[in-house]
Number of protein chains: 2
Amino acid sequence: MDILFQPFLNHFSKNLPLSDGTKAEICIYLSILNLNKKHVLINENQRHDFAYFVIKGAVRSFYLKDGIEVNTWFALENDMVGSLQNFNDNPSRETMELVENSTLIAINIKKIKPLMLSNIQIANFINAIIEEYALFLEDKIYFSQMMNSIDKYLTLVDKQPQLLQRIPLTYIASFLGITRETLSRLRAK
Amino acid sequence: MDILFQPFLNHFSKNLPLSDGTKAEICIYLSILNLNKKHVLINENQRHDFAYFVIKGAVRSFYLKDGIEVNTWFALENDMVGSLQNFNDNPSRETMELVENSTLIAINIKKIKPLMLSNIQIANFINAIIEEYALFLEDKIYFSQMMNSIDKYLTLVDKQPQLLQRIPLTYIASFLGITRETLSRLRAK
DNA sequence: GATTTCATTTGACATATATCACAAAATCAT
DNA sequence: ATGATTTTGTGATATATGTCAAATGAAATC
């Protein structure tokens, strides 16, 4: 088993039993990818069987709205990349693209999910992934509704400073739901 | 077992085996509630061990922002009511209140969740609930980001006409992220 | 059925942000 | 290094939506 798989397995089995046998079973459907900046993992409107885990690097997700890119989230080290849409046979709503040269784990969710019905450890492992994802989505919604643009930016500065160092402001602006001009003006204060 | 539990059990076990024994095990932690309009299920900033399933009626969820109620979602028949925050020992961010006299199933999530580690059917059942919830959140985010106010309203008219008949426009407006005055003007067209 | 309470609509004005246009700075590639 | 591309910043104006205030309409309560 590749040692690079460990952070992923550990991250989602903190309070769960995960035997060596089960780990091995999961690892069959994992693989390491080394990809360059601008590489596209998932294309808008296409179907995909994979989710990804960021070992090193940065990924962004966006969709096109009237020809303009709307960035929806960014993933850095130890974050997951993917969308539940993809694992329910719907085409992806978003394009997911590398912002930096990155090392990722590709996870064949389509093949792992059926194992949930027969292996209780895998069921709990997958559940941990989805639950963390749902919590992330709840946070995202609360964050976007509850705050005005300035406070959203300040929260980002406070909670995710790495994001501001590594992701262009143009992307950050559309993530915050404002134009890059407006973000530039907010920063001037 | 109360016959009213059936819709809930069936809804989340469509593609899952769920033995009579497991059903009985789950039902220990379910109970039927008949409550009146305006009854508060969950209070903002308080901790709760329960999620709910709407058999009949309507529920809304909102938080206070500068003293103004911001409505975040509405649940009708066969919808779940709750937040993952509550099941990770965080206080609720939102108040959940009945909009109509309702019949609900109260689900003691806190007591059911530990059973996931020993009962694979329960693990998959709970996973189905969380996965549907995460898909709901993905939709909600996409809907709120992708559309302007008019299109959001028209989508609601098209996809959830019952909501407009049963939920006051004041609540709908803040759900759409606009004031009731603005919604009123949009409707005038 | 009358009265109070709540929900919706309309008007006048203020404000934040978008849009368009362009300039400056930083980064990338040859 | 040097030119080309990308990223960020600034100005002038337009526009959608918010805010405050008041009137109308509907629903609940006694």
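What you see is a predicted model, and the numbers here were worked out from it, not measured in a lab. So you know, we letter chains A, B, ... as the sequences are listed, proteins then strands, and number each from 1.
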Expressed in angstrom and rounded to an integer, what is the separation of B:Glu100 atom CD from D:dA28 atom C1'? 16 Å
Should the pair A:Tyr133 and A:Phe136 be assigned to parallel (<30°), tilted (30 to 60°) or perpendicular (>60°) ring geometry? parallel
For B:Ile167 and C:dC6, what is the distance between atoms CD1 and C1' respectively, to the nearest whole Å? 16 Å
Figure out the CZ/P separation between B:Arg166 and D:dA27, and round it to whole Å. 16 Å
NA contact type, A:Arg187, heavy-atom cut-off 4.0 Å: base, sugar-phosphate, or nothing? sugar-phosphate
Heavy-atom nearest nucleotide on DNA chain D for B:Asn148 versus B:Lys37: which residue maps closer to 5'? B:Asn148
Which atom pair, heavy atoms only, marks the closest approach of B:Leu169 to B:Leu183? O-CD2, 3.6 Å
Given atom CD of B:Gln165 and atom P of D:dA26, what is their separation to the nearest angstrom? 17 Å
Where along residues 169-183 of chain B does a heavy atom come under 4.0 Å from DNA chain D, residue by residue in number order? B:Gly177, B:Ile178, B:Thr179, B:Glu181, B:Thr182
May I ask you to decide if the ring planes of B:Tyr171 and B:Phe74 are parallel, tilted or perpendicular, using 30° and 60° as cut-offs? parallel
Spacing of B:Tyr153 atom OH relative to C:dT8 atom C1', expressed in whole Å: 12 Å
Are B:Glu97 and B:Lys38 within salt-bridge range, i.e. N to O under 4.0 Å? no
Does B:Phe125 reach the side chain of B:Ile26, with side-chain heavy atoms less than 4.5 Å apart? yes
From the candidates D:dG9, D:dG11, C:dT10, the one with an atom nearest any side-chain atom of B:Ala188 is C:dT10
Could you work out which one of D:dA28, C:dT19, C:dT17 sits closest to the side chain of A:Ser149? C:dT17
Assuming nearest nucleotide by heavy-atom distance, tell me which of A:Ser184 and B:Arg185 is located more 5' along DNA chain D. A:Ser184
Distance-only side-chain donor-acceptor flag, B:Ser174 / B:Glu69, under 3.5 Å: no
